Amino acid sequence: MSRVPAEQRREQLIEATIDLAIREGLAATSVRRIADEASVSLGVVHYCFSSKEALLNAVAESFATPILGPVATAIEASRGFERTVRAAFTTFWEVTQSAPGRQLLSYELAAWSIRGDGEAARLLYQTYLDVIESFITEGMGITGSEALSSRTLARMTLALTDGIMLAWLVDRDDEATQAVIDAFVGILVAIVRDAERSGIVTVRDRDPEPDEADGQA
């Protein structure tokens with residue numbers, strides 16, 4: 001067997017764990033099953049991760065990765081605050097809709113972790129919050145304050161998107177889900193614009209479209 005760099009092997013094991021857990025559930029992810037899924041020996045798994053818990057913690061930290069690129073691209077291609085927000089949420093929904101197993105696994109992983117030491121759940125949500133806050137501050141150009149911080153906006157967004165996606169996994173009602181996302185985008189934009197007028201936050205618009213610019217006058 002050719003020698004594979006440790007970091008590459010770690011990524012291979014993380015993806016194997018995710019694939020196995022999506023297909024058969026988190027309960028199926030014994031270290032032996034993960035090794036078989038990745039076509040490596042048990043020794044390789046133990047060399048890369050000190051325990052199954054350490055591997056699942058790494059899985060939790062990796063969950064936002066497939067979302068990062070598409071949403072960042074959508075934000076970069078958008079102009080005007082509301083269009084940028086809408087593009088971000090629409091892209092997030094499309095990515096999630098295309099891989100429902102990953103979303104279900106995120107809930108399963110969080111629930112499993114909370115019953116134990118909670119570390120995987122903390123890492124999962126910390127990663128999501130960091131990504132969302134980065135989109136809010138760097139992508140959407142929102143600078144918060146003590147009265148309404150970007151972290152609070154990130155927590156609000158995560159709480160709602162978590163709920164929306166869980167409901168969709170239950171009923172698979174695409175139309176209802178899209179309606180809720182559209183409504184939330186409108187509410188979020190209104191909250192931020194009201195906070196901007198009150199001096200609680202600032203928004204750095206990137207070349208707003210004529211109709212959006214007129215609406216801010």
Side-chain angles (χ1 to χ4, degrees), residues 6-71 88-89 92-93 95-136 149-172 177 180-181 184:
E7 189 56 38
Q8 185 178 335
R9 188 67 83 186
R10 282 172 58 87
E11 293 300 320
Q12 178 189 1
L13 290 169
I14 289 170
E15 286 306 312
T17 303
I18 292 172
D19 290 344
L20 177 61
I22 287 174
R23 193 171 65 247
E24 299 185 29
L26 195 62
T29 57
S30 66
V31 174
R32 182 173 296 279
R33 290 294 309 279
I34 292 167
D36 290 344
E37 183 77 15
S39 300
V40 300
S41 68
L42 280 172
V44 168
V45 181
H46 289 303
Y47 174 77
C48 293
F49 295 97
S50 60
S51 64
K52 175 183 172 180
E53 288 71 21
L55 173 52
L56 291 178
N57 288 347
V59 167
E61 289 184 294
S62 77
F63 251 76
T65 302
I67 302 171
L68 286 171
V71 174
F89 275 90
F92 165 76
W93 162 231
V95 172
T96 303
Q97 193 178 29
S98 69
R102 288 186 68 94
Q103 189 67 25
L104 178 59
L105 178 57
S106 73
Y107 297 128
E108 191 178 0
L109 180 59
W112 168 84
S113 174
I114 291 168
R115 287 185 178 277
D117 64 8
E119 182 62 18
R122 283 190 290 272
L123 289 169
L124 179 67
Y125 279 80
Q126 179 76 30
T127 300
Y128 276 139
L129 285 171
D130 289 346
V131 169
I132 294 170
E133 186 173 19
S134 174
F135 286 150
I136 286 171
S149 69
S150 58
R151 196 65 168 185
T152 297
L153 285 170
R155 291 183 71 91
M156 289 168 56
T157 301
L158 179 58
L160 191 104
T161 52
D162 244 7
I164 291 174
M165 292 304 103
L166 181 57
W168 176 75
L169 285 171
V170 172
D171 61 27
R172 301 300 172 105
T177 302
V180 173
I181 291 173
F184 177 67

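A quick note: this is a predicted structure, and the numbers were derived from the prediction, not measured.
- The structure places OG1 of T127 at 5.5 Å from CD of E61, a figure rounded to the nearest 0.5 Å.
- The line from OG1 of T29 to CG of L56 is 5.0 Å long, rounded to the nearest 0.5 Å.
- At least one side-chain heavy atom of V40 sits less than 4.5 Å from a side-chain heavy atom of L13.
- When atom types are taken as modelled, the side chain of S98 and the backbone of V95 share a donor-acceptor pair closer than 3.5 angstrom.
- Side chains of R155 and T152 form no contact here, defined as non-hydrogen atoms less than 4.5 Å apart.
- Using a 4.5 Å cut-off on side-chain heavy atoms (C-beta onward), L105 and F63 make contact.
- Counting heavy atoms from C-beta on, the side chains of W168 and V180 never come closer than 4.5 Å.
- Closest approach of S113 to A120, counting heavy atoms only: OG-N, 3.2 Å.
- Put simply, CE on M156 and CD1 on I132 are 12.0 Å apart, with the number rounded to the nearest 0.5 Å.
- The minimum heavy-atom distance between T161 and Y107, with the atom names listed, is O-OH, 4.5 Å.
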Working for side-chain hydrogen bond (donor to acceptor under 3.5 Å, both in side chains), residues Y128 and D162: CA-CA 11 Å; Y128 276 139; D162 244 7; over 6 Å; no
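- Taking OG1 of T17 as the start and CZ of R33 as the end, the distance is 11.5 Å to the nearest 0.5 Å.
- Taking each heavy atom of A64 and V131 in turn, the nearest pair found is CB-CG2, 3.8 Å.
- The two residues A16 and A38 come nearest to each other via the heavy atoms CB-CB, 3.7 Å.
- Looking at every heavy atom in both residues, I14 comes nearest to A58 through CD1-CB, 3.8 Å.
- Residues A154 and I136 come closest through the heavy atom pair N-CD1, 3.6 Å.
- Atom CG in L104 sits 12.5 Å away from atom OG1 in T96 (nearest 0.5 Å).
- With rounding to the nearest 0.5 angstrom, the CZ atom of R172 is 10.0 Å from the OG1 atom of T177.
- Using a 4.0 Å cut-off between a side-chain N of Lys or Arg and a carboxylate O of Asp or Glu, D130 and R151 qualify as a salt bridge.
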Pair S62-T65, side-chain hydrogen bond (donor to acceptor under 3.5 Å, both in side chains): steps then yes or no: CA-CA 6 Å; S62 77; T65 302; 5.5 Å; no
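- With hydrogens and angles ignored, the 3.5 Å screen pairs no side-chain donor or acceptor of R102 with any backbone N or O of I18.
- Two residues are said to be in side-chain contact when any heavy atoms from C-beta on lie closer than 4.5 Å; T157 and F135 fail this criterion.
- In summary, the side chains of E133 and S150 do present a donor paired with an acceptor at a separation below 3.5 Å, with no hydrogens or angles considered.
- For the pair E37 and R23, the minimum side-chain heavy-atom distance is below 4.5 Å.
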